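Computation of the quantities below employed the complete heavy-atom set of this structure, encompassing side-chain atoms and omitting hydrogens, waters and symmetry-equivalent molecules. Computed from a predicted model, the values in this text were never measured in an experiment.
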Amino acid sequence: MYRFVLTRQWVCLTLVALALIPAMIKLGFWQYHRHEHRVAQNQLIETSLRAKPLPVTDLTSPGHRVPRSDYWRAVTATGTYDTAHEVVVRMRTSRDDKVGFHVVTPLVLADGRVVLVNRGWVPSDGNARDFPPVPAPPSGEVTVTGRLKADETSGASGIKDRTGLPDRQVMLIDSARQAAYLGKPVLGGYLELTGPAPSDGGPEMIAEPDHDSIGPHMAYAVQWWLFAAAVPVGWVVLVRRERRDRDEAAARSVEREPVSA
């Protein structure tokens, strides 16, 4: 009755179905792992943001690579802004998705070391190659708070690090590169300013990272697994339909045969 499944057409269809099932299951687990990663990241962000601020020098030092466990950790720093060596980071967006710059100002600590402070976003003046108008930070000694971030890389951010940029413009925030530019020891990573808030007209402070949304990954995982379960069901349905069509065709053939005298 089912010998037709041994034909070339049905063998190929069966092999395709057998290949799709593990592929879809694997895609489902990939989306599930992405869901787990998002949930863990949300928990890390929330824990870091709610933790009591620590002096930035307790968590990082020159040449230090900020570990993931310290991302977004609330930190404080006291020093004097060095506006002469301020740089802007190209191709950054505001809260309403306008393209402009992030302003990174070195904060010189009492011991001579430097921590980079991302003071926020400013708009472009229309020509991306010109240094934009940047509101001045507070003068004299200041104490700032912020979120500790790791040095940016092309691999992690997806931003291509270009050369030949205009003076005092960069694509990525990199403490090692800024240490060479300043000629001073710079703490690894940087501080994303959260306070004190700038006066009117100051850089737009960077929004707190989203740690409430879990994204659609779990729904995608369930979809892939449902697709995987549907493949053998669909194969059985097609086989039974093929058998029914063949039986009906055979019955019609018998009806058309002439009856002998």
Side-chain angles (χ1 to χ4, degrees), residues 1-50 67-69 71-72 89-100 121 128 149-150 152-162 171-172 206-261:
M1 269 186 280
Y2 294 101
R3 290 179 62 90
F4 62 85
V5 299
L6 300 178
T7 62
R8 181 177 179 181
Q9 177 184 0
W10 274 95
V11 168
C12 292
L13 179 62
T14 302
L15 291 175
V16 170
L18 292 175
L20 285 175
I21 293 172
M24 290 178 176
I25 292 174
K26 186 174 182 179
L27 287 169
F29 277 108
W30 172 61
Q31 289 290 349
Y32 177 71
H33 293 322
R34 293 188 68 187
H35 167 76
E36 286 186 318
H37 174 77
R38 182 63 178 269
V39 170
Q41 177 170 285
N42 287 350
Q43 183 61 47
L44 172 63
I45 295 173
E46 183 175 3
T47 301
S48 297
L49 294 179
R50 304 296 175 255
R68 185 170 187 81
S69 58
Y71 284 13
W72 303 285
V89 191
R90 293 166 60 96
M91 302 299 293
R92 300 303 167 105
T93 55
S94 65
R95 298 188 184 194
D96 53 359
D97 294 329
K98 294 179 181 178
V99 178
W121 180 89
K149 301 290 292 292
E152 295 179 338
T153 63
S154 294
S157 66
I159 300 173
K160 184 178 180 180
D161 192 10
R162 294 165 49 193
M171 296 300 299
L172 300 169
I206 299 170
E208 184 177 280
D210 175 29
H211 56 281
D212 294 323
S213 172
I214 60 173
H217 304 299
M218 190 62 188
Y220 291 159
V222 173
Q223 286 179 356
W224 280 118
W225 290 333
L226 289 176
F227 291 156
V231 169
V233 174
W235 186 87
V236 171
V237 169
L238 290 176
V239 168
R240 297 187 66 176
R241 181 179 297 173
E242 178 74 9
R243 178 195 168 186
R244 183 191 63 198
D245 292 345
R246 287 172 178 265
D247 289 347
E248 291 176 353
R252 288 194 298 269
S253 177
V254 170
E255 291 174 356
R256 287 196 298 268
E257 290 181 0
V259 180
S260 56

Determine yes or no for a side-chain-to-main-chain donor-acceptor pair under 3.5 angstrom, with Arg68 supplying the side chain and Gln41 the backbone.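 Side chain of Arg68 to backbone of Gln41: no pair is present.
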Give a yes or no on whether the backbone of Ile25 and the side-chain of Trp225 come within a donor-acceptor separation of less than 3.5 Å.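 Yes.
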Closest non-hydrogen atom pair between [X] and [Y], with its separation:
| X | Y | answer |
| --- | --- | --- |
| Met218 | Tyr32 | SD-CD1, 3.6 Å |
| Leu238 | Leu13 | CD1-CD2, 4.2 Å |
| Leu18 | Pro22 | O-CD, 2.8 Å |
| Met24 | Val231 | SD-CG2, 4.0 Å |
| Ile21 | Pro232 | CD1-CD, 3.9 Å |
| Ala221 | Gly28 | CB-O, 3.2 Å |

Taking atom [atom1] of [X] and atom [atom2] of [Y], what is their separation to the nearest 0.5 Å?
| X | Y | atom1 | atom2 | answer |
| --- | --- | --- | --- | --- |
| Met171 | Lys160 | CE | NZ | 9.5 Å |
| Ile45 | Trp72 | CD1 | CH2 | 4.0 Å |
| Phe227 | Leu27 | CZ | CG | 10.5 Å |

Report the residue from His37, Gln31, His35 that forms a side-chain hydrogen bond (donor to acceptor under 3.5 Å, both in side chains) with His217. Gln31
Is the number of heavy atoms from other residues, nucleotides or ligands under 6.0 Å of Tyr71 OH greater than 12? yes
Please check if the number of heavy atoms outside Arg241 that lie under 6.0 Å from its CZ is greater than 12. no
Give me each pair satisfying side-chain hydrogen bond (donor to acceptor under 3.5 Å, both in side chains) with a member in residues 16-27, each pair once, sequence neighbours excluded. none
For residues 5-21, pull every pair meeting side-chain hydrogen bond (donor to acceptor under 3.5 Å, both in side chains), keeping only residues two or more places apart or in separate chains. Thr14-Trp235
With sequence neighbours excluded, tell me which residues meet side-chain contact (heavy atoms from CB on, under 4.5 Å) with Leu172. Arg92, Glu152, Ser154, Ser157, Ile159, Asp161
